[in-house]
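Worksheet for the structure shown next.
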Amino acid sequence: ITFYITMFASLRAPLFLRRALPATRYIRSFASSAKVERKRITLIPGDGIGPEITSSVLGVFQAAQVPVDWEVFDVHQGTESGKQVGQDVIASISRNHAALKGPWFTNSGIGAPSRNTELRKALDLYAHVIRCKSTPGIKTRHDDVPIDMIIVRENTQGEYTGLEQTLTPGVVQSLKVVTREASERIARFAFELAQNEGRKKVTAIHKANIQKQTDGLFLEVCRQIAKEYPHIQFNDMIIDNCCMQLVMKPQQFDVMVTPNLYGNLVTNVGAALVGGPGVCPGVSSGMRGAVYEMGAHHVAADIAGQDKANPTGLLFSSAYMLRSLGMDEYANKIESAVRSVISEGKTRTADIGGASGTKAFTQAVIEKVEGLNA
């Protein structure tokens with residue numbers, strides 16, 4: 001039997017669906033025989049391919065009988081300035097401490113402010129962690145070397161403060177804000193992550209040769225924090241050299257810690273090195289919760305609704321989410337199923353060298369999961 005859940009496409013409906021709060025739906029997955037406490041998770045399908053890839057995750061979760069309840073929100077982009085993300089969404093994530101989210105689109109130059117930035121600031125999701133790792137079965141330009149790096153991006157300051165103004169007609173100003181407090185906590189986060197995962201090196205990415213005060217402060221703090229972890233190698237690299245080194249010798253990187261904008265650049269290069277935006281998992285973390293999403297936030301509006309999206313990155317993100325909730329058994333089952341389908345090569349989406357669609361890929365993963373259930 002195919003267990004494929006969707007709220008927005010013409011696929012099989014979930015077993016449990018009821019209207020609760022405005023713009024909110026609750027979905028309950030199959031009950032599980034395992035003695036694991038049920039969790040409630042916020043779900044934001046997002047824009048573009050978001051509804052398709054989140055539906056894929058829901059189908060796989062249902063097949064794996066993951067004991068979770070979904071609290072679902074449609075957050076649409078407004079046309080005017082002001083708050084775009086409702087307090088009900090913020091409250092849900094704060095209450096549940098975990099959310100799974102599809103990509104959000106933001107207009108360039110005009111329109112409403114970024115909902116991603118608004119959400120990060122509202123919940124103080126200061127650390128964005130992206131994992132770029134080679135996956136057996138996905139052919140890349142660096143098949144001869146293993147790539148396994150973690151990018152830790154400061155998520156609340158830098159060029160993303162949104163503090164812009166017109167000084168005179170034709171002259172605009174943008175303020176880049178970097179504080180010691182934010183730099184310290186992201187640097188410590190990166191070193192703690194490296195220590196907990198047995199990583200050997202942390203590289204700070206900056207442009208302190210030009211932006212001597214803002215990036216200079218970030219680099220100074222990273223060097224100070226590095227002294228507290230003498231067993232972990234530390235070095236730093238200018239952002240432009242970093243991009244070149246990523247393309248030439250990606251295997252030299254282990255954990256990277258970056259200011260906000262540079263992290264976005266490095267993330268996209270890193271994703272391209274291991275197969276594209278559809279394969280990397282990511283999470284934005286803070287003291288009030290964590291939002292799990294694809295590492296590269298591509299809306300892919302040009303293929304939305306065409307059954308072409310690759311849900312791998314969001315499936316991997318959902319597995320990391322389950323591990324953070326103490327559901328390792330389900331996480332391992334889902335990740336193993338995804339990797340098995342990719343390595344076999346029979347069912348892959350076009351972006352990783354196949355000819356299958358989102359539904360077929362998801363069905364193949366579901367069949368693997370059901371086999372692991374037996």
Side-chain angles (χ1 to χ4, degrees), residues 126-135 140-160 176-275 280-285 295-296 320:
Y126 68 91
H128 189 200
V129 180
I130 309 95
R131 297 173 183 269
C132 301
K133 183 177 181 178
S134 302
T135 300
T140 68
R141 290 177 174 83
H142 289 281
D143 283 339
D144 57 327
V145 296
I147 299 175
D148 184 6
M149 58 188 173
I150 302 175
I151 302 161
V152 179
R153 169 190 174 190
E154 202 289 317
N155 223 14
T156 62
Q157 296 190 340
E159 293 85 353
Y160 284 65
K176 175 176 179 175
V177 177
V178 176
T179 66
R180 180 173 295 276
E181 179 184 7
S183 298
E184 284 182 354
R185 68 177 181 175
I186 197 64
R188 194 174 302 281
F189 184 102
F191 276 95
E192 284 293 316
L193 184 149
Q195 179 172 265
N196 292 338
E197 298 199 9
R199 298 280 177 157
K200 298 179 180 179
K201 182 171 68 173
V202 172
T203 303
I205 308 302
H206 62 89
K207 190 65 177 174
N209 60 325
I210 302 298
Q211 299 189 338
K212 296 183 183 294
Q213 294 194 50
T214 50
D215 283 23
L217 176 60
F218 175 81
L219 179 57
E220 174 192 336
V221 169
C222 287
R223 287 171 173 169
Q224 290 173 347
I225 298 299
K227 294 177 182 178
E228 301 177 21
Y229 300 84
H231 55 290
I232 298 176
Q233 182 183 348
F234 172 76
N235 69 334
D236 66 88
M237 192 174 292
I238 296 172
I239 177 61
D240 35 340
N241 182 36
C242 171
C243 291
M244 180 181 69
Q245 293 295 328
L246 277 168
V247 174
M248 293 178 63
K249 298 178 181 179
Q251 68 273 22
Q252 69 183 284
F253 295 101
D254 194 357
V255 175
M256 308 167 72
V257 58
T258 79
N260 208 337
L261 177 61
Y262 310 152
N264 198 14
L265 302 177
V266 170
T267 293
N268 281 271
V269 176
L273 291 171
V274 297
C280 291
V283 57
S284 292
S285 300
Y320 282 112

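Sequence positions, counted from 1, serve as the residue numbers for this chain. The model shown is predicted, which means the values in this text are computed figures rather than measured ones.
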**OP:** Measure the shortest side-chain to side-chain distance between S183 and V178 over non-hydrogen atoms and say whether it is less than 4.5 angstrom.
**Re:** yes

Original post:
Going through the distances and angles, do T156 and R185 end up as a side-chain contact (heavy atoms from CB on, under 4.5 Å)?
Top reply: CA-CA 12 Å; T156 62; R185 68 177 181 175; 4.0 Å; yes

Original post:
Between D240 and K207, does a side-chain contact (heavy atoms from CB on, under 4.5 Å) hold up when you go through it step by step?
Top reply: CA-CA 8 Å; D240 35 340; K207 190 65 177 174; 3.2 Å; yes

**OP:** Report the residues that fulfil side chain to side chain donor-acceptor pair (under 3.5 Å) with D215, sequence neighbours left out, ordered by chain and then residue number.
**Re:** K176, Y262

Original post:
Side-chain contact, heavy-atom cut-off 4.5 Å: C222 with F234?
Top reply: yes

Original post:
Given the rule in the side-chain contact (heavy atoms from CB on, under 4.5 Å) test, do R180 and E184 qualify, once you have shown the distances and angles that lead to the verdict?
Top reply: CA-CA 6 Å; R180 180 173 295 276; E184 284 182 354; 3.5 Å; yes

Original post:
Can you find a side-chain donor-acceptor pair between Q195 and H231 that sits under 3.5 Å?
Top reply: yes

**OP:** Starting at NE2 of H206, measure out to OG1 of T214 and round the result to the nearest 0.5 Å.
**Re:** 11.5 Å

Original post:
Between V145 and S134, what is the shortest heavy-atom contact and its length?
Top reply: O-OG, 4.2 Å

Original post:
So T179 and Q157, side-chain hydrogen bond (donor to acceptor under 3.5 Å, both in side chains) or not? Walk me through it.
Top reply: CA-CA 8 Å; T179 66; Q157 296 190 340; 3.0 Å; yes

Subject >> Exam field: side chain K212 to backbone N209, donor-acceptor pair closer than 3.5 Å >> reply: yes

Subject >> Heavy-atom pair of closest approach, residues Y320 and P281 >> reply: CE1-CG, 3.6 Å

**OP:** Report the distance from atom OG1 of T258 to atom CD1 of I186, rounding to the nearest 0.5 Å.
**Re:** 7.5 Å

Original post:
Counting heavy atoms not belonging to E181, are there more than 12 under 6.0 Å from its CD?
Top reply: no

Subject >> Nearest atoms (heavy-atom pairs only) where C280 meets V274 >> reply: SG-CG2, 3.5 Å

Subject >> Separation between CD of Q251 and CD of Q245, rounded to the nearest 0.5 Å >> reply: 10.0 Å

Original post:
In terms of ring plane angle, is the pair Y126 and F189 parallel, tilted or perpendicular, where the classes change at 30° and 60°?
Top reply: perpendicular

Subject >> Point-to-point distance, once rounded to the nearest 0.5 Å, from CZ of R188 to CD1 of I225 >> reply: 4.0 Å

Original post:
Is any side-chain heavy atom of L246 less than 4.5 Å from a side-chain heavy atom of V266?
Top reply: yes

**OP:** Determine the minimum heavy-atom distance between A208 and L219, stating which atoms define it.
**Re:** CB-CD2, 4.1 Å

Original post:
Taking the side chain as C-beta and beyond, is there a heavy-atom pair between I205 and V257 under 4.5 Å?
Top reply: no

Original post:
Do M256 and V202 have side chains that get closer than 4.5 Å, going by heavy atoms?
Top reply: no

**OP:** Determine the minimum heavy-atom distance between S284 and H128, stating which atoms define it.
**Re:** OG-CD2, 3.4 Å

Original post:
In Å, rounded to the nearest 0.5 Å, how long is the span from CG of N260 to CZ of F218?
Top reply: 10.5 Å

**OP:** May I have the step-by-step check of salt bridge (Lys or Arg N to Asp or Glu O under 4.0 Å) for D236 and R223, ending in yes or no?
**Re:** CA-CA 9 Å; D236 66 88; R223 287 171 173 169; 3.3 Å; yes

**OP:** Indicate the atoms forming the closest heavy-atom contact of G295 with T267, along with that distance.
**Re:** O-CG2, 3.3 Å

**OP:** State, with a plain yes or no, whether a side-chain heavy atom of H142 is found less than 4.5 Å away from one of L273.
**Re:** yes

Subject >> Donor + acceptor pair across side chains of T140, D143 (<3.5 Å) >> reply: yes

**OP:** Answer whether the closest heavy-atom distance between the side chains of K201 and F253 falls below 4.5 Å.
**Re:** no

Original post:
With side chains defined as the heavy atoms from C-beta onward, is the minimum distance between D254 and I150 less than 4.5 Å?
Top reply: no

Subject >> Enclosure of Q213 CD (heavy-atom neighbours >12, cutoff 6.0 Å) >> reply: no

Subject >> Cation-pi check, R153 onto Y160 ring (under 6.0 Å, within 45° of axis) >> reply: yes

